[in-house]
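Here's the structure, in structure tokens; my notes come after.
For this chain, numbers begin at 1 and follow the sequence in order. Read the numbers this way: they start at 1 and go in the same order the structure lists the ligands and their atoms. In what follows, every heavy atom counts, from backbone to side chain, and hydrogens, waters and symmetry copies are set aside.
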Amino acid sequence: MLFFNRKAHKAPTADRTVPQHIAIIMDGNGRWAKRRGLPRSAGHAAGSEVFRTIATYCREIGVKYLTVYAFSTENWRRSEEEVGALMALFEKYLHEAIETMAKDHIRLHFFGDLSRLSPTLRELIAKTDAISEQYEGFQANICLNYGGRDEILHAARAFARQCVEGKCTPDSLDEAAFSDLLYSAGVPDPELVIRPGGEKRTSNFLMWQSAYSEFYFTDVLWPDFTPHDIDKAIESFLRRDRRFGGVKA
Ligand code: IPE
Ligand code: IPE
Ligand code: MG
């Protein structure tokens, strides 16, 4: 039985028992495929199905934001074949998402430098963004050509440009103003970051936003990840003592 009663958590409540924002580094697709003697692309295809399941589950238990790492600024280092398979999979996913969005009620948003993606993919993203605007309640942020350092540089450049244009001065910059220049502008920081796949690093994910996130690492490979693993991560999260630099009363 799942730990969280789906019905009881359907509407977000004031005394939340689930985090408002969960972020996931969807890792382990390649190893999952290798173990089955399949090409790495088969692992990515399986992983994309798992994303659908997990997004639906998160919405059902009352999570408001789910941010997933789908392709990093460093993932271009992979073979042309693998990058091509991933890009084709993103296109396929977006085509399907556009069709099913009215039924799924999932608002999709994208974090990352999208300028390096193909015109077809960018067009699909723009279309998805436009349709998404009408859906409220649950938002999935998909990180594509995303890097935490790249995001910070992008924000720093935007701020410098505003200063040059005379719209602000260096001293006017504070944490809130800087957050508003990130891809994640308007989205609260994730309380919980989950990394399946066994690695214990962030690989350039949400560097600014995860300053006080709780981390949950598991050896389960992403294509094997189930709603039960989300439950386990949330259970672990609920046991943490979050002090934010203070002292517990
Ligand atoms: C994560 O799975 C998906 C992407 C990085 C695009 P990997 O492809 O990194 O899988 P492993 O880590 O090699 O098993
Ligand atoms: C992180 O996984 C990026 C994504 C899941 C999209 P990687 O597999 O690229 O990370 P490293 O290379 O193990 O650090
Ligand atoms: Mg990996």
Item to check | Neighbouring protein N, O or S atoms of the Mg ion (ligand 3) [cut-off: under 2.8 Å, no waters] | outcome: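 You should have found Asp27 OD1.
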Checklist entry - Honestly, is Arg36 close enough over Trp32, meaning NZ or CZ under 6.0 Å from the six-membered ring centre and within 45° of the axis? => result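 Here Arg36 passes the 6.0 Å and 45° test against Trp32.
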Checklist entry - Is a donor on one side and an acceptor on the other found under 3.5 Å between the side chain of Asn204 and the backbone of Arg149? => result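 Confirmed, Asn204 side chain pairs with Arg149 backbone.
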Checklist entry - Heavy-atom count around Gln134 CD within 6.0 Å, excluding the residue itself: above 12? => result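 Yes, because the 6.0 Å sphere around CD of Gln134 holds more than 12 heavy atoms from other groups.
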Item to check | salt bridge (Lys or Arg N to Asp or Glu O under 4.0 Å) against Lys34, all qualifying residues, sequence neighbours excluded | outcome: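 By the salt bridge (Lys or Arg N to Asp or Glu O under 4.0 Å) rule, Lys34 matches no residue at all.
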Checklist entry - Nearest heavy-atom pair of Asp27 and Pro196: which atoms, and what distance? => result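 Looking at all heavy atoms of both residues, the shortest contact is CB-O, 3.5 Å.
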N or O contacts of ligand 2 with protein under 3.5 Å, please list pair by pair.
unit_1	atom_1	unit_2	atom_2	d
ligand 2	8 (O)	Asp27	OD1	3.2
ligand 2	8 (O)	Arg78	NH2	3.2
ligand 2	9 (O)	Asn75	ND2	2.9
ligand 2	9 (O)	Arg78	NH2	3.3
ligand 2	10 (O)	Arg195	NH2	3.4
ligand 2	10 (O)	Ser203	OG	3.3
ligand 2	13 (O)	Arg201	NH2	2.9
ligand 2	14 (O)	Arg201	NE	2.8
ligand 2	14 (O)	Ser203	OG	2.6

Next on the checklist: Using the ring centroid of each side chain, check whether His109 and Tyr65 are separated by less than 6.0 Å.
Outcome noted: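 Aromatic pair excluded; centres sit 6.0 Å or further apart.
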Checklist entry - Do Lys92 and Glu96 meet the salt-bridge criterion of a basic N to acidic O distance under 4.0 Å? => result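 Salt bridge between Glu96 and Lys92, a charged N being under 4.0 Å from a carboxylate O: yes.
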Checklist entry - Regarding Arg195 and Ser203, is there a side-chain donor-to-acceptor distance under 3.5 Å anywhere? => result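 Per modelled atom types, Arg195 and Ser203 side chains form a pair under 3.5 Å.
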Item to check | Partner set under side-chain hydrogen bond (donor to acceptor under 3.5 Å, both in side chains) for Thr218, not counting sequence neighbours | outcome: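 side-chain hydrogen bond (donor to acceptor under 3.5 Å, both in side chains) check on Thr218 returns nothing, list empty.
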